[in-house]
Amino acid sequence: MIKALLTDAQLKLRDEARAFVREDVPRQLILDMDAGKVTYPREYLERAAARNLLGLRFPVEYGGRGLKWEDEIIALEEVGVLGTSLACLYSLPSIVGEAINVFGTAEQKERWLHPVLQGKLTVAEALTEPRGGSDFFGTTTTARREGDAYILNGQKRFIVGAEGADYFIVYARTNPDAKPHQAISLFVVERGPGVEVQHVYGLMGTRGGGTGRVYFRDARVPAFNLIGRENGASDIFYQMMIPERMTSAAGALGMARAALEIAMRYSDRRKAFGQKIRMFEGVSFKVAECITQLDAASALVYATARAIDDLGRSPKSGDDPNRVRRMVSESKKFATDMAWQVVNHAMQIMGGIGYTSVYPIERLLRDVRLITIWTGTNEIMDLVIQHEYYKELGAQPIGRDVEADAPDAGVDGEKVYE
Ligand SMILES: Cc1cc2nc3c(=O)[nH]c(=O)nc-3n(C[C@H](O)[C@H](O)[C@H](O)COP(=O)(O)OP(=O)(O)OC[C@H]3O[C@@H](n4cnc5c(N)ncnc54)[C@H](O)[C@@H]3O)c2cc1C
């Protein structure tokens, strides 16, 4: 994060997050997770909670700190250096918590948000189905009302934390006849009868975070567990996409920074042809490219965080929600593409040793490959970005009509569009 943008309180928060990452996360945990020896690192979340570092944006009464997005991205970047599994598990209370905090009742917040932020309960977010993740509104998991409960049937896959979660947040179709955006509801589904988790994947990276497949077979979910309105989950989905994508974007900054630092230190010591490799343009220009991209991504993520924080202000000063949605997607796309490139360059700078387990670059590379795919692929981000910008553009130019500044701008019959 760019230091000039941070207040003293934010610098203190950054140092708190750094202390957690440095002191509370044993090296062995990271190695064991990557080796598949850990199913779910529950203690890690308990330690983050003990430092009051989970769900920083949420109200103090529910265990948060009542901070803003501007603050949360600072902690997310620091946790990002741990790799995708631990960063994702750290982010889940923020993602799932958004739905409960914004759309849940006080009773629901007390029951499901507060204990998560205290490290007493763990969560997972179950959106993706075997039939596809991008086409979210095509969800085929169903929930049928039966008395004071709903009966859930369906499957979700690739769910981080599934193996250790005490509850899942699950979108299901509650109206088979309605249009997709008016057919889906959101539920808290506690682990219990009718809910089965299977460990089925060999993952390239992002290991040890309990990623699994979740089956719902006539799972009985009390009506109390419905978040928001029945058939009204599209609003919740769009709201949740803010933390979903901002957590990926901010975590990417940390991963890229970590890899780049290792490669830069290496390049300042390693010699070839009698001189340090950083003296070769092929190396130092890569470093320059990486650090420029990293700073650009930091600035975009920070500006987006401010725009989100600004949403609640008066209509005049508050930003337009559609523009913010675009910026959130830009942040996710730009920061994750940047991280992939930076980690890849870091490996190239390290030469052969970067490809081995002597340095963690190979693990970071395996991890970072995922982040352009999850929380909405970067192609889906492109869809959102261009869609929102076309809407924003409008028929009239903003400010000066530059189109008219051409010698033949007014010639009859030349501006033909069909
Ligand atoms: C390790 C791991 C952890 C994950 N964690 C979670 C989790 O915790 N919770 C959760 O719910 N999900 C999770 N996911 C799922 C992830 O979000 C999805 O994989 C992702 O959204 C893409 O969905 P898909 O795999 O079904 O691909 P598809 O939707 O089938 O897409 C396949 C390809 O088609 C492209 N495509 C699809 N539609 C369009 C379009 N309209 N325009 C252009 N291109 C398009 C995509 O960009 C992609 O390249 C995880 C995935 C992995 C691998």
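As the structure lists them, so they are numbered: ligands from 1, and atoms in each ligand from 1. The structure presented is a predicted model; accordingly, all values stated were derived computationally and were not measured.
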Visitor: Does the ring center of Tyr90 lie less than 6.0 Å from the ring center of Tyr44?
Guide: no

Visitor: By number and element, which atoms of ligand 1 are closer than 4.0 Å to a non-hydrogen atom of Ser134?
Guide: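 That gives atoms 23 (O), 28 (P), 29 (O), 31 (O), 37 (C), 38 (N) of ligand 1.
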
Visitor: Provide the number and element of each atom of ligand 1 under 4.0 Å from a heavy atom of Gly132.
Guide: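 Ligand 1 atoms under the 4.0 Å threshold to Gly132: 26 (O).
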
Visitor: Does some non-hydrogen atom of Thr206 fall short of 4.0 Å from ligand 1?
Guide: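 Not so, Thr206 does not reach ligand 1.
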
Visitor: Any idea which atoms of ligand 1 are less than 4.0 Å away from a heavy-atom of Leu383?
Guide: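 That gives atoms 40 (C), 41 (N), 42 (N) of ligand 1.
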
Visitor: Around atom CZ of Arg278, are there more than 12 heavy atoms of other residues, nucleotides or ligands at under 6.0 Å?
Guide: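 No, because the 6.0 Å sphere around CZ of Arg278 holds 12 heavy atoms or fewer from other groups.
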
Visitor: Would you check, one step at a time, whether the test side-chain hydrogen bond (donor to acceptor under 3.5 Å, both in side chains) holds for Gln108 with Glu110?
Guide: CA-CA 5 Å; Gln108 289 174 326; Glu110 198 47 61; over 6 Å; no

Visitor: Verify the distance criterion only: is there a donor paired with an acceptor across the side chains of Thr372 and Arg369 at less than 3.5 Å?
Guide: yes

Visitor: Counting heavy atoms only, which of Tyr201, Phe158, Phe168, Tyr171 is nearest atom 50 (C) of ligand 1?
Guide: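 That would be Phe158.
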
Visitor: Would Glu125 count as being in polar contact with ligand 1, using the rule that some N or O on each side must be under 3.5 angstrom apart?
Guide: yes

Visitor: With distance as the sole criterion, is a donor-acceptor pair present between the side chains of Glu289 and His345 under 3.5 Å?
Guide: no

Visitor: For the residue pair Asn231 and Gln182, confirm or rule out a side-chain donor-acceptor distance under 3.5 Å.
Guide: no

Visitor: Give the atom numbers and elements of ligand 1 that come within less than 4.0 Å of a heavy atom of Val160.
Guide: 3 (C), 4 (C), 5 (N), 7 (C), 8 (O)

Visitor: Tell me whether Glu43 at atom CD has more than 12 heavy atoms from other residues, nucleotides or ligands lying less than 6.0 Å away.
Guide: no

Visitor: Under a plain distance cut-off of 3.5 Å, with no hydrogens placed, do Thr304 and Glu330 share a side-chain donor-acceptor pair?
Guide: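 Short answer, no.
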
Visitor: Does Ile380, backbone or side chain, put an N or O under 3.5 Å from an N or O of ligand 1?
Guide: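 In this structure, Ile380 places no N or O atom under 3.5 Å from an N or O of ligand 1.
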
Visitor: If you measure only the distance, is there a donor-acceptor pair under 3.5 Å linking the side chains of Trp112 and Glu107?
Guide: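 Trp112 vs Glu107: no donor-acceptor pair found between side chains.
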
Visitor: For atom 24 (P) of ligand 1, what's the nearest protein heavy-atom neighbour? Residue, atom name and distance, please.
Guide: Gly133 N, 3.6 Å

Visitor: Going by distance alone, is a donor N or O of one side chain under 3.5 Å from an acceptor N or O of the other, for Arg131 and Thr140?
Guide: no

Visitor: Given Leu370, Asp382, Asn378, Ile371, which one has a non-hydrogen atom that is nearest to atom 52 (C) of ligand 1?
Guide: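 Residue with the shortest heavy-atom distance to the ligand atom: Leu370.
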
Visitor: Check each atom of ligand 1 against the heavy atoms of Thr377 and keep those under 4.0 Å away; list them by number with element.
Guide: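 Listed by number with element, the hits are 22 (C), 46 (C), 47 (O).
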
Visitor: Relative to the heavy atoms of Glu379, which atoms of ligand 1 are at a distance of less than 4.0 Å?
Guide: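 Once the distances to Glu379 are compared, the set is 43 (C), 44 (N), 47 (O), 49 (O).
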
Visitor: Please could you name the atoms of ligand 1 that Ile159 approaches to less than 4.0 Å, counting only its heavy atoms?
Guide: 7 (C), 8 (O), 9 (N), 10 (C), 11 (O)

Visitor: With a 4.0 Å cut-off, strictly under, does atom 37 (C) of ligand 1 pick up any protein heavy atom?
Guide: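 Given the 4.0 Å cut-off, atom 37 (C) of ligand 1 counts as touching protein heavy atoms.
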
Visitor: Kindly state if atom 33 (C) of ligand 1 has a protein heavy atom within a strict 4.0 Å cut-off, that is, under 4.0 Å?
Guide: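 Within 4.0 Å of atom 33 (C) of ligand 1, no protein heavy atoms are found.
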
Visitor: Name the option, out of Thr128, Val96, Leu89, that contains the heavy atom nearest to atom 15 (C) of ligand 1.
Guide: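 Looking at heavy atoms only, Thr128 sits closest to atom 15 (C) of ligand 1.
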
Visitor: Taking 4.0 angstrom as the limit and counting only heavy atoms of Thr375, give me the atoms of ligand 1 inside it, by number and element.
Guide: 17 (O)

Visitor: Do Gln155 and Thr141 meet the criterion of a side-chain donor-acceptor pair at a distance under 3.5 Å?
Guide: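 No - no donor-acceptor pair under 3.5 Å links their side chains.
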
Visitor: Got the closest protein heavy atom to atom 20 (C) of ligand 1, with its distance?
Guide: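 Ranking protein heavy atoms by distance from atom 20 (C) of ligand 1, first comes Ile373 O, 3.6 Å.
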
Visitor: Hey, is ligand 1 close enough to Asp135 that some N/O pair sits below 3.5 Å?
Guide: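 No - when backbone and side-chain N and O of Asp135 are compared with those of ligand 1, no distance drops under 3.5 Å.
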
Visitor: Do Phe187 and Phe168 have ring centres separated by under 6.0 Å?
Guide: no

